[in-house]
Amino acid sequence: MKTRQITSFDAIVIGSGISGGWAAKELTEKGLKTLILERGRSLEHIKDYPTTNSAPWEFNYRGEVSPEIKKDYLIQSTNYSFNDATKHFFVKDTENPYVNPENKEFRWIRGYHTGGRSLMWARQCYRWSDLDFEANAKEGIEIDWPIRYKDIAPWYDYVEKFAGISGQAEGLPQLPDGQFLPPMEMNCVEKYVKEKIQETWPDRTMTIGRVAHLTVPHNGRGKCMYRNLCYRGCPFGAYFSSQSATLPAATATGNMTLRPNSIVHSILYDEQKDKATGVRVIDGETLETLEFSARIIFLCASTLGSTQILLNSTSNRFPQGLANSSGVLGHYLMDHHTDVDSKARFDGFENEYYNGHRPNGIYVPRFRNVKTKHPDFLRGYGMQGSGSREGWSRGNDIDDLGADFKKAITEPGPWTMSFGGFGECLPYYDNKVELNPDLKDKWGLPTLRISCEFKENELAMRKDMAITSAELLEAAGGKDIETTNEKAIPGFAIHEMGTARMGNDPKTSVLNKWNQCHDVPNLFVTDGSCMTSSACQNPSITYMALTARACDYAVKELNRRNL
């Protein structure tokens, strides 16, 4: 089919998720006519949240998903937020294939629609510190980050003030405080456990989760109503998403053009000008091939999505993928490792309860390898969890029936508290993603072959995660402590990072300290693919800060005619 040329723009942003939404806001507010290319369907705030106010009895099987539906969502349905009320936000795995070695399972959780996974994320927001940015250099692991905390701190401030992050300041060097809205309140058991932990270990802090939920009205958005139905889409705009925050801001400028159903084939590169000149797109509905041109391009299609586009953008100069003179594009894939959990019962609080369904838990910041070195592993982990009272659903696990049974389960059950670890993964060259020309998608593009595993350092860390999660509960007086250490599967934390890393040397990295491609100066990559290491904190707030910072730099360079 013939390629059709389209009018040019000042900027093109590929992707409309957390990073793409921020790029759209920043570039349009700085006066650039900006095209946003979203590969998925159009999804409007509030209008396209069809289940947001539905009651449990309005769903088949009370929200559980039938085996027939799961056949289309074999990987997506393993995600904790996937159910009959949210399945329309997830891709069908049968329509979006990829492969991995049998002994290296990878779960790629995706949502292709306006806003991407900004509608589906867990909203936890934790800054990185120099403990994270300096770790590679101090330990001799791979390459050094080209930035430090002081470089990104003002941009953390900037994005937090706009997004709205509720949290409690703790004064910890390994987890810098931010620009917080009033924190959510811990319940009685959480407060008790927090107190006992710090009595036993002064270096272990338990705080309320720092979360992108509004506890007060903010920037025209409503505050959280404690429904905990966030994964259906929030009609109040109480949690940060592209739909509720950044895209409306971009729309208000009059400078944004949003084009859904735009499958990016490749980024166009002019060897004579040594610049990216535009983007080739396949229309997802008509299958027409289109080309859009722009002065600068921001690639924000997600870690694996962005790398897939770069790998498929070949030329005489870049036969192995655009901006890949270093040869590291696609390598050093990382994700956090999870599924190490401990749970205990707490007695003595039978007369206590709580109001609402708080969409947030608690956080124990990293305490390993902060001041003293652990003998078995590098880096560290944080813990997330919560305290709650069991409700009527505990009857699912009790073999009983009759009036007495029904009456018993209508009374609140025992209090429990749980901790689950999120551990850092080191960057490994052989954890990688590459194009798979033997398996094409329905648009005729090569899919991905993903090969990633957790190695010796992560496995040693997981043993310690199991020990410490249980000892925190034991020190607080927890009863019947249960600990699990399931097999860790990369991708399942949904924090995939790396594959187009930042660095000082063009020979060993794809991007410089401004998220600018060493090889292609008017191309910027600001999603998770840019990360040089993974830390253990949820990374989305760092993507936001890096994106805003890169946009500021790019527009200044554009105005100086350096791009």
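We use all heavy atoms of the structure for the numbers below, so side chains are in, but hydrogens, waters and symmetry mates are not. Residues take their numbers from the sequence shown, with the count starting at 1.
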Looking at residues at least two apart in the chain, or sitting in another chain, which of them share a side-chain hydrogen bond (donor to acceptor under 3.5 Å, both in side chains) with [X]?
X: D400; result: none
X: N436; result: R449
X: K455; result: D430, E453
X: D438; result: none

Between Q243 and D48, a side-chain donor and acceptor under 3.5 Å: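 D48 and Q243 do not have a side-chain donor-acceptor pair below 3.5 Å.
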Any side-chain donor near an acceptor of the partner, E496 and T303, under 3.5 Å: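 No - no donor-acceptor pair under 3.5 Å links their side chains.
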Ring centers of W22, F162 separated by less than 6.0 Å: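 Between W22 and F162, the centre distance is under 6.0 Å.
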Y363 and Y126 aromatic ring geometry - parallel, tilted or perpendicular at 30°/60° bounds: parallel
Over 12 non-hydrogen atoms of neighbours within 6.0 angstrom of NZ in K223: no
Exam field: side chain [X] to backbone [Y], donor-acceptor pair closer than 3.5 Å:
X: T52; Y: P50; result: no
X: H336; Y: A535; result: yes
X: D441; Y: T447; result: no
X: R127; Y: I541; result: no

Salt bridge (Lys or Arg N to Asp or Glu O under 4.0 Å) pairs, two or more places apart, involving residues 232-248: none
Apply side-chain contact (heavy atoms from CB on, under 4.5 Å) to [X] and list each qualifying residue two or more places apart in sequence or on a separate chain.
X: T215; result: S166, L181, P182, M184
X: L426; result: L378, R379, Y428, N457, E458
X: N103; result: P101
X: N312; result: H265, L435, L445, P446

Geometric cation-pi criterion R110 and W108, 6.0 Å radius, 45° cone: yes
Compile the donor-acceptor pairs under 3.5 Å between side chains in residues 405-413 and protein atoms, sequence neighbours left out, one pair per line.
residue	atom	partner	partner atom	Å
T410	OG1	K407	O	2.6

E352 and K191 ion-paired at < 4.0 Å: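 Between K191 and E352 there is no salt bridge, as every charged N stays at least 4.0 Å from the carboxylate O atoms.
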Sole residue of S19, C300, S529, C530 in side chain to side chain contact (heavy atoms under 4.5 Å, CB included) with Y543: S19
CZ-OH distance between F90 and Y231, expressed to the nearest 0.5 angstrom: 9.0 Å
Pairs flagged by ring-ring contact (aromatic ring centres under 6.0 Å, His included) wherever residues 57-77 is involved - sequence neighbours left out: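 Every ring-ring contact (aromatic ring centres under 6.0 Å, His included) pair that includes a residue of residues 57-77, provided the two are not neighbours, is Y73-F82.
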For residues 482-494, which side-chain N or O atoms pair as donor and acceptor with protein atoms under 3.5 Å away, sequence neighbours left out?
residue	atom	partner	partner atom	Å
T483	OG1	S342	OG	2.7
N485	OD1	R462	NE	3.4
N485	OD1	R462	NH2	3.2

